[in-house]
There are 2 protein chains.
Amino acid sequence: MLARVSSTPTFKRLPRAVREQQMLDAAVKVFSRRGFHAASMDEIADDAGISKPMVYAYLGTKEELFVACLHREGTRMMEAIAGAAAPELPADERLWRGLRAFFGFVGAHRDGWAVLYRQARGSQPFAAELAAMRGRLVEVVAGMLDHALRASGREVGATDLEVVSYALVGATESLADWLADHPEADAEKTATRMMNVAWLGADQLLRGVTWRPGV
Amino acid sequence: MLARVSSTPTFKRLPRAVREQQMLDAAVKVFSRRGFHAASMDEIADDAGISKPMVYAYLGTKEELFVACLHREGTRMMEAIAGAAAPELPADERLWRGLRAFFGFVGAHRDGWAVLYRQARGSQPFAAELAAMRGRLVEVVAGMLDHALRASGREVGATDLEVVSYALVGATESLADWLADHPEADAEKTATRMMNVAWLGADQLLRGVTWRPGV
DNA sequence: GCGTAACCCTACGCACGAGTAGGTATGCTC
DNA sequence: GAGCATACCTACTCGTGCGTAGGGTTACGC
């Protein structure tokens with residue numbers, strides 16, 4: 001057994017940090033395509049150009065591997081959004097920038113992120129990680145709303161705030177799913193549509209009012 | 001082996017139609033609690049007070065069984081919503097009634113429906129069934145919006161309509177999830193919150209405008 | 001140039017759970 | 001009360017795929 005003509009040009013003996021990233025790349029790809037359960041560790045290892053025990057040695061169990069994927073992609077996403085929303089901007093501008101960053105990210109990582117995210121819904125082991133991510137998003141949105149409310153001297157119950165934010169995040173996730181399923185669709189345009197429904201609401205939309213990005 | 005002291009009082013030799021419903025009940029319960037993959041046919045059969053081959057004889061494969069669950073619960077849900085929205089009512093009233101019916105249903109079938117619904121996201125085999133259900137909902141919402149728009153002489157692109165509806169449905173699903181996770185929460189109140197964000201939008205909400213159920 | 005640690009492999013064990021073979025009992029019809 | 005269909009069971013087979021045992025090889029420090 002010495003015929004070892006792999007497709008990958010980069011060949012042997014890579015340092016751990018590099019291999020780990022390759023494995024995660026492969027894992028994201030395979031998990032996305034097959035779903036958590038149908039994905040096999042063999043295929044992931046194979047796709048990473050490595051053998052299975054290496055994956056176990058570096059990233060651990062299948063579940064741990066999936067969580068690692070979720071975590072890496074989640075972190076990347078949060079980073080992509082982080083810079084977008086400066087607290088001193090008016091609320092609509094903050095919301096708009098956040099949405100733009102979010103949909104931009106999802107659009108650029110279609111099967112990467114969105115499908116992975118879809119996988120995590122359901123199956124208990126990942127509910128925690130997923131809920132944490134969503135929780136952070138909800139917190140951001142709720143914080144933004146709260147900030148704007150206080151600025152105009154108003155206030156509102158914590159649960160109300162949470163639920164409204166939850167709804168907004170949910171709508172956004174849904175459109176992210178939609179975007180991931182429609183490869184021809186434009187991220188920017190999707191963000192605008194989301195902004196319209198989130199900011200204006202059905203009433204205004206039915207009245208013919210529309211929101212458009214300033215500048 | 002004649003010790004057959006089952007917990008279920010109703011014992012032996014039931015007609016097919018009845019047993020099928022019992023099996024579906026058990027399946028919904030187990031799928032909800034464990035998730036599709038972790039659920040075992042043995043446990044479902046056991047929970048239905050029947051042996052495994054019966055399940056196969058009546059409802060077929062595990063996947064077919066799951067689809068059957070999805071289908072039954074989905075139909076029930078659509079029926080629950082169906083009567084709510086009379087086309088001659090104004091748009092806000094239609095939306096409100098639809099939301100109320102929807103959250104009422106989910107609230108009454110917490111682990112039944114919502115968790116089952118969550119399971120279906122992801123795993124390819126069920127994507128079709130799920131997409132069909134969601135599609136019907138989106139269609140209803142889009143139809144309602146379109147109707148209202150035409151009534152006021154306005155019109156809008158089909159994709160815009162679809163995406164906006166999609167966002168609204170997504171937000172609603174999210175709050176349904178939230179409701180399913182918060183056993184103490186009230187369905188009616190959740191519906192009101194959803195109505196607020198959907199109908200008024202963040203802008204109005206931040207201005208202190210609120211929507212309240214008429215009557 | 002030699003030890004040692006990191007990298008990497010080819011196998012296999014093993015549990016778990018879907019689906020089935022083949023047989024038994026009970027009610028229903030005539 | 002014979003015949004037949006329907007309800008129902010116990011006890012298997014068998015594929016699949018996670019996780020591992022145990023061993024080889026390349027780089028790197030000294």
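Throughout, a chain's letter reflects where its sequence line sits, starting with A, and its residues are numbered from 1.
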Query raised in the report: Starting at NE2 of His37(A) and ending at P of dC16(C), how long is that distance when rounded to a whole Å?
Result: 14 Å
Requested in this report: Calculate the interatomic distance between Arg34(B) atom CZ and dC16(C) atom P; express it in whole Å.
Outcome: 14 Å
Query raised in the report: Under 4.0 angstrom, heavy atoms only, what part of the nucleic acid is Ala38(B) near: base, sugar-phosphate, or nothing?
Result: nothing
**Report entry** Contact pattern, 5' to 3', of nucleotides 19-30 of chain D - B, S or - by protein heavy atom under 4.0 Å
**Finding:** BBB--BBB----
Query raised in the report: Asp46(A) CG to dC9(C) P: how many Å, rounded?
Result: 10 Å
Query raised in the report: Does a side-chain N-to-carboxylate-O contact under 4.0 Å join Arg97(A) and Asp92(A)?
Result: no
Requested in this report: Return the value, rounded to whole Å, for the distance between atom CD of Glu20(B) and atom C1' of dC8(D).
Outcome: 15 Å
**Report entry** Side-chain donor/acceptor of Arg110(A) to backbone N/O of Gly107(A), under 3.5 Å
**Finding:** yes
Report summary line: dist Arg193(B):CZ -> Leu99(B):CG (nearest 0.5 Å) comes out at 14.0 Å
Show every donor-acceptor pair shorter than 3.5 Å between a side-chain atom in residues 125-138 of chain A and any protein atom, with sequence neighbours excluded, or say none if there are none.
| residue | atom | partner | partner atom | Å |
| --- | --- | --- | --- | --- |
| Arg134(A) | NH1 | Glu173(A) | OE1 | 2.8 |
| Arg134(A) | NH1 | Glu173(A) | OE2 | 2.9 |

Query - Side-chain N,O (Tyr58(B)) to OP1/OP2 (dA7(D)) below 4.0 Å - result: yes
Query - Between P of dG19(C) and CD1 of Ile44(B), the distance in whole Å - result: 11 Å
Requested in this report: Answer yes or no: is there an ion pair linking Asp181(A) with Arg118(A), defined by an N-O contact shorter than 4.0 Å?
Outcome: yes
Query raised in the report: The side chain of Met54(B) lies closest to which of these nucleotides: dC8(C), dG17(D), dC8(D)?
Result: dC8(D)
Query raised in the report: What is the nucleic acid contact for Ala39(B), judged by heavy atoms within less than 4.0 Å: base, sugar-phosphate only, or nothing?
Result: sugar-phosphate
Query raised in the report: Is a side-chain N or O of Glu64(B) found less than 3.5 angstrom from the main chain of Thr61(B), in a donor-acceptor match?
Result: yes
Report task. Please test Trp199(B) against Trp96(B) for ring-ring contact (aromatic ring centres under 6.0 Å, His included), starting from the C-alpha separation and ending with a verdict. Result -> CA-CA 9 Å; Trp199(B) 187 251; Trp96(B) 166 239; over 10 Å; no
Query raised in the report: Glu43(A) has an atom CD; how far is it from atom P of dT16(D), in whole Å?
Result: 14 Å
Report summary line: To the nearest angstrom, the CZ-P distance between Phe36(B) and dA18(C) comes to 8 Å
**Report entry** Sugar-phosphate, base or nothing in reach of Ser51(B), heavy atoms under 4.0 Å
**Finding:** base
Requested in this report: Give a yes/no answer on whether the side chain of Arg19(A) brings an N or O atom under 4.0 Å of OP1 or OP2 in dC8(C).
Outcome: yes
